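Here's the structure we're looking at; comments come further down.
Numbers restart at 1 for each chain; the letters A, B, ... are given by sequence-line order, proteins then strands. A quick note: this is a predicted structure, and the numbers were derived from the prediction, not measured.
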Protein chains: 2
Amino acid sequence: MDDRLIQTFRVFQRTVTREVGALQENFLGRGRPYGVSRLLWEMGDGPVEVATLRERLGLDAGYASRLLRALEDEGLVTVSPSPDDARARVAERTEAGRAEAAELDARSDDTAAQMLAHLDEEERREVERAARTVTAALARRHLVIDVEAPDSADAWWCRDQYFAEIDAIFASGYDPAAAVQATDDDLTMPRGALLVARLHGQPVGCGAVKLPAEGPAHLKRMWVSPAARGLGLAATMLERLEAIARDAGATEVGLDTNSALVAATTLYESRGYAQVPRFNDETHADRWYLKRLEQR
Amino acid sequence: MDDRLIQTFRVFQRTVTREVGALQENFLGRGRPYGVSRLLWEMGDGPVEVATLRERLGLDAGYASRLLRALEDEGLVTVSPSPDDARARVAERTEAGRAEAAELDARSDDTAAQMLAHLDEEERREVERAARTVTAALARRHLVIDVEAPDSADAWWCRDQYFAEIDAIFASGYDPAAAVQATDDDLTMPRGALLVARLHGQPVGCGAVKLPAEGPAHLKRMWVSPAARGLGLAATMLERLEAIARDAGATEVGLDTNSALVAATTLYESRGYAQVPRFNDETHADRWYLKRLEQR
DNA sequence: GCAGGTAGTTGACTAAAGTCAATGATATGG
DNA sequence: CCATATCATTGACTTTAGTCAACTACCTGC
């Protein structure tokens, strides 16, 4: 491999470990041992199987148990038997735990802001772009996108996240019952497909396509977790979904969306989707797009 | 500050800590405790005062002493009394220590290469550029450039590094005695100036300008340590030196260099230096440049 | 040549990080 | 329902990281 790249990367590594590492220790040091803070920080909201958590962070069973106990004693998490398997346990942040995690996030952001404070407007834009590029390159190895059954646990989780997020964004909320429905069958081949994206094994995004017998294919549930934004994930999923539609013989892909989802509309427009008049009665939508698929 | 930048940076931080951190622990874990490896890795070749080392790595005196003892027991470093001050001690890698450090470097590069192996040519170029940008932004806070007396310890050190490096690059070596000399007076105001750049307090580069009463100012000893390349440091020093020359009334700056120093010639050319015929009898040079200074 | 300061070493200690095997509760396949 | 495997917890342990103060050797200014 190119020597100059390696040389650059070596300096990058040193600098970044130093800076970001210092930052990390700084904001995660809150009277608690580092390991304890890190666990609280990385576990995420929502219940997680302890085994999953352990594997994700690469912890020994005994050690993880103790760390969780410490958090439990502080009232920051609850650990309860898993509903599926009474041997296994699931951990979840309490209200206080969520608050503390938010505090850690805020501190992390503060220190990051400090680190970038001396840059002017243009430099910031450049650094932002550069940080995205590097992040995407590093994360790519751990990013996998798979066709998945719509009733899998991770598919459900992504859907719930998606609904919760647009519910928060739309002024009048989001009511799944009022929306144009897609059954599990609609998103299973041959009638459609659902993709789930995972980063380090954690679900971080989804996207689906319906393949009606007649007319354009229809995209649904395009969602990327905040934890994985800026990696070009949405664009990759879009390409995969279009490929699925093309392979199924579709000549067009359509979708409905809302102008409040700026990132989404920007993506669609940059990928050749043209705005068209309303073509379905989705109540939450105020924009409709269509794209011709090039046959290969 | 811009929220999107912070969001991007948050993801960047997580990814990079994870990746680069994993890398670090991976390659520094060689049967030795991490702290010991790190010390060996970061001490550099050449003798260092133990106090300097300690301060650079932020170590407690007792702790540092023990780490050095561990390395000494393994035969990787020698610790001997400082020639200047019999209380102080200087540490230096042994032959085996250098080999081990080289091994660590190689492993570090290997893992970095692995990390970037899945990228294609164009992506690599992009990542390289991006890594530079981020590194420069992060390092900038810790980078200071000062006018310095040419006989200061750090100025000497930089000069030695510079000579050693070009000696290694030039096919026929570099003989300071055969070169056009600059005395300490020549590089002290009002007859000239010497800049020393420091990253985290460590000298990482130098550059000097001679200001003869008549004719163009003359640049000398432009050098940037490998540890600080890609930060735009040379360009910054160049600007500072030109500003000094301009302030002293010079209307032109000239320099001699060698075409083997590709990075240098590229820099000069991109900064408006035009190649001119030989104008001095520097034996090591095969190129001469000149630039008109815009008066302000 | 002595007072006061500085550099590094050493012993004694603590906290954190991490490992391992035994244990008890629960699941699963036959 | 029994043998076997899995899951988390617990106790007992080791290693690593790091701190602090006492101490010795040495330097510097007066």
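Between the side chain of A:Asp105 and the backbone N or O of A:Ala102, no donor-acceptor pair lies under 3.5 Å. Remark: the backbone N or O of B:Val48 is not paired with any side-chain donor or acceptor of B:Thr52 at under 3.5 angstrom.
Within 4.0 Å of B:Asp60, counting heavy atoms only, lies at least one base atom of the nucleic acid. A:Ala51 comes within 4.0 angstrom of the backbone, heavy atoms only, and of no base.
Summarising the geometry, the separation between CG on B:Leu39 and C1' on D:dA17 is reported as 14 Å, rounded to the nearest angstrom. In this structure, the CG atom of A:Asp73 is 10 Å from the P atom of D:dT10, given to the nearest Å. D:dT10 atom C1' lies 14 Å from atom CG of A:Leu67, rounded to whole Å. We find that OH of A:Tyr63 is positioned 18 Å from P of D:dA8, with the value rounded to whole Å.
When the side-chain nitrogen and oxygen atoms of B:Arg54 are compared with OP1 and OP2 of C:dG8, one or more of them lie within a distance under 4.0 Å. Distances shorter than 4.0 Å separate none of the side-chain N or O atoms of B:Arg87 from OP1 or OP2 on C:dT9.
Within 3.5 Å, no donor on the side chain of A:Arg66 pairs with an acceptor on the base of C:dG18, nor the reverse.
The side chain of B:Ser65 sits closest to C:dT10 out of C:dT10, D:dT19, D:dT9. In this structure, the nucleotide among D:dT10, C:dT9, D:dA8 sitting nearest to the side chain of A:Arg69 is D:dT10. The side chain of A:Ala86 sits closest to C:dA27 out of C:dA27, D:dT9, C:dG18.
Annotation: cation-pi pair A:Arg38/A:Trp41 absent, no NZ/CZ under 6.0 Å from the ring centroid and within 45° of its normal.
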Pairs under 3.5 angstrom, nitrogen or oxygen only, protein versus nucleotides 13-15 of chain C, please.
none

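The nearest heavy atom of DNA chain D to B:Gly58 and to A:Ala61 marks one nucleotide each, and the one closer to the 5' end goes with A:Ala61.
Using a 4.0 Å cut-off between a side-chain N of Lys or Arg and a carboxylate O of Asp or Glu, B:Arg198 and B:Glu148 qualify as a salt bridge.
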